[in-house]
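Just so we're on the same page: letters track the sequence lines, and every chain starts at 1. Only heavy atoms go into these numbers, but all of them, side chains included; no hydrogens, no water, no symmetry mates. As the structure is a prediction and not an experimental result, all values here were calculated from the model.
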There are 2 protein chains.
Amino acid sequence: MSQSDTVKRILDAAEELFAEHGFAETSLRTITTKADVNLAAVNYHFGSKKALIQAVFGRFLTPFTKLIESGLDNRELQKPDQPLTVEEILQFVSRAIAGVSEGDRKRLAIFMRLAGLAYTQGQGHLRKYLQSEYRGIFRRLMSLITKATPDLNPVERFWRFHFMLGATAFTMSSMESLQAIVEHDFETQSTEEEIVAMLLPFLAAGIRAQ
Amino acid sequence: MSQSDTVKRILDAAEELFAEHGFAETSLRTITTKADVNLAAVNYHFGSKKALIQAVFGRFLTPFTKLIESGLDNRELQKPDQPLTVEEILQFVSRAIAGVSEGDRKRLAIFMRLAGLAYTQGQGHLRKYLQSEYRGIFRRLMSLITKATPDLNPVERFWRFHFMLGATAFTMSSMESLQAIVEHDFETQSTEEEIVAMLLPFLAAGIRAQ
DNA sequence: TTTTGTGTTAAACGTATGTTTGAAACAGTT
DNA sequence: AACTGTTTCAAACATACGTTTAACACAAAA
């Protein structure tokens, strides 16, 4: 058999390098060197650098959203009439995070940093790709949060949702360096679970402010 | 006389283009074309593109931090013994933001996006430059927040402070695209001032959760 | 008027990038 | 062994970039 693992090696290298340096600053030569494959392999297997960026996202995001969806499906089957609280919704997401990051924690930080970059560096193709590919889960979460916060006006809810997103993405992406600071300044360790446990009440309180 | 305004024209163009497309994605040719000056003018007046980026930041960063500091100084002179609340602290920051962009609505959006980009794109020279420029005001704000949240244990306060930072940085850096979504989905406009007005209570509620 | 210094300009330089190419290597099938 | 489709490889290609250069413009000083 000896099936080629070139594609996987490229994705692994690209994922890490994109997260570290951004998209524009990471060249295909750097990626292929790190992956130890030929330069032309990216264009052969993915077609273009843009397509590679999208593939990096797809590999992480698809199983992640599936985990959230199946959790929500389960809950809706068991208690169909009882609407979810904000805390419950957030817990499904955090459980999905824990599920995906199980095995290698590094990938979670990498992906969150990528997600942040996608918003700031995504010149169009990436934003469009994410929007078209993951519209479903986004709308579902948004509608659940709407039911959980009936008194909020829609525009304010939209913004608060993104405030939550920002706090989460930023924290996850800079988790490693922040943990180092905590260890140095407070002589304590903050595990990933503890950080998430601190983050959730912060988010829940924020979205229900006033 | 006929004093050259080339430097100002370059800074204006660069500021706007950086905010719109990011640093790496904005070429000197685009900047000098928009500024209607010769390509070589940037290297002549600033030395390099990196130096131009720092100059763009310096032009608004210096008055910005001065505004915060003087606001805090004033308040401490008038009510020296009464500690500030979290809301008050955040309001000094947001007032400084508004003050820097006074008269020019567009400038606020540019400023916010640049501030956000500094967090996500500031890899080497920019981060170092900002750190040396920002350290004083950062420490001062941190110490004020400590006094405003005496019941919080230090580690949790550290994390919540960075949750706030994350929500802010993310929102600022992706403000433009989020505003477009709001306009499309809700047929309303969210001005930068309104967004900040929504962000502050979210942050204050979050840091005081439970 | 000549000189000097500052700023501008068009052109070129060197380098790095994403992409394409055509030959070679390989694996599986007949 | 011969054939076939897929994958790899070194090399080249075209383009865009930041930077440098040397000639030029022009105002102020000598």
**Q.** Side-chain donor-acceptor contact under 3.5 Å, A:Thr62 with A:Tyr134
**A.**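 Yes, because at least one side-chain N or O of A:Thr62 sits under 3.5 Å from a partner of the opposite role on A:Tyr134.
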
Q.
Testing the 3.5 Å rule here: is there a donor-acceptor pair between the side chains of B:Thr168 and B:Thr171?
A. no

Indicate whether OP1 or OP2 belonging to [N] is found under 4.0 Å from a side-chain N or O atom of [X].
| X | N | value |
| --- | --- | --- |
| B:Ser27 | D:dC17 | yes |
| A:His45 | D:dT8 | yes |
| B:Thr6 | C:dT8 | yes |

Q. For A:Thr26 and B:Leu39, take the nucleotide of DNA chain C holding the closest heavy atom to each; which residue's nucleotide lies nearer the 5' end?
A. B:Leu39

Between [atom2] of [N] and [atom1] of [X], the distance in whole Å:
| X | N | atom1 | atom2 | answer |
| --- | --- | --- | --- | --- |
| B:Phe46 | D:dG18 | CZ | P | 15 Å |
| B:Asn38 | D:dT19 | CG | C1' | 12 Å |
| A:Ile10 | D:dT8 | CD1 | P | 8 Å |
| B:Asp36 | C:dT9 | CG | C1' | 13 Å |
| A:Leu28 | D:dT8 | CG | P | 16 Å |
| A:Asn43 | C:dG22 | CG | C1' | 16 Å |
| A:Ile53 | C:dT17 | CD1 | C1' | 14 Å |
| A:Phe18 | C:dG18 | CZ | C1' | 12 Å |

Q: With heavy atoms under 4.0 Å as the rule, sort A:Ala41 into base, sugar-phosphate or nothing.
A: nothing

(Q) Classify B:Thr30 by what it touches in the nucleic acid, base, sugar-phosphate, or nothing, heavy-atom distance under 4.0 Å. (A)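 No contact.
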
Q: Kindly say whether A:Thr149 contributes a backbone atom to a donor-acceptor pair with the side chain of A:Arg208 at under 3.5 angstrom?
A: no

Q. Just by distance, do the side chain of A:Thr188 and the backbone of A:Phe186 share a donor-acceptor pair under 3.5 Å?
A. yes

**Q.** Side-chain heavy atoms of A:Phe60 within contact of A:Val56, under 4.5 Å
**A.** no

Q) In terms of the nearest nucleotide of DNA chain D, which residue is placed more toward the 5' end: B:Val42 or A:Tyr44? A) A:Tyr44

Q) In terms of side-chain heavy atoms of A:Ala40, which of D:dA12, C:dT20, C:dT9 is nearest? A)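 Among D:dA12, C:dT20, C:dT9, the one nearest the side chain of A:Ala40 is C:dT20.
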
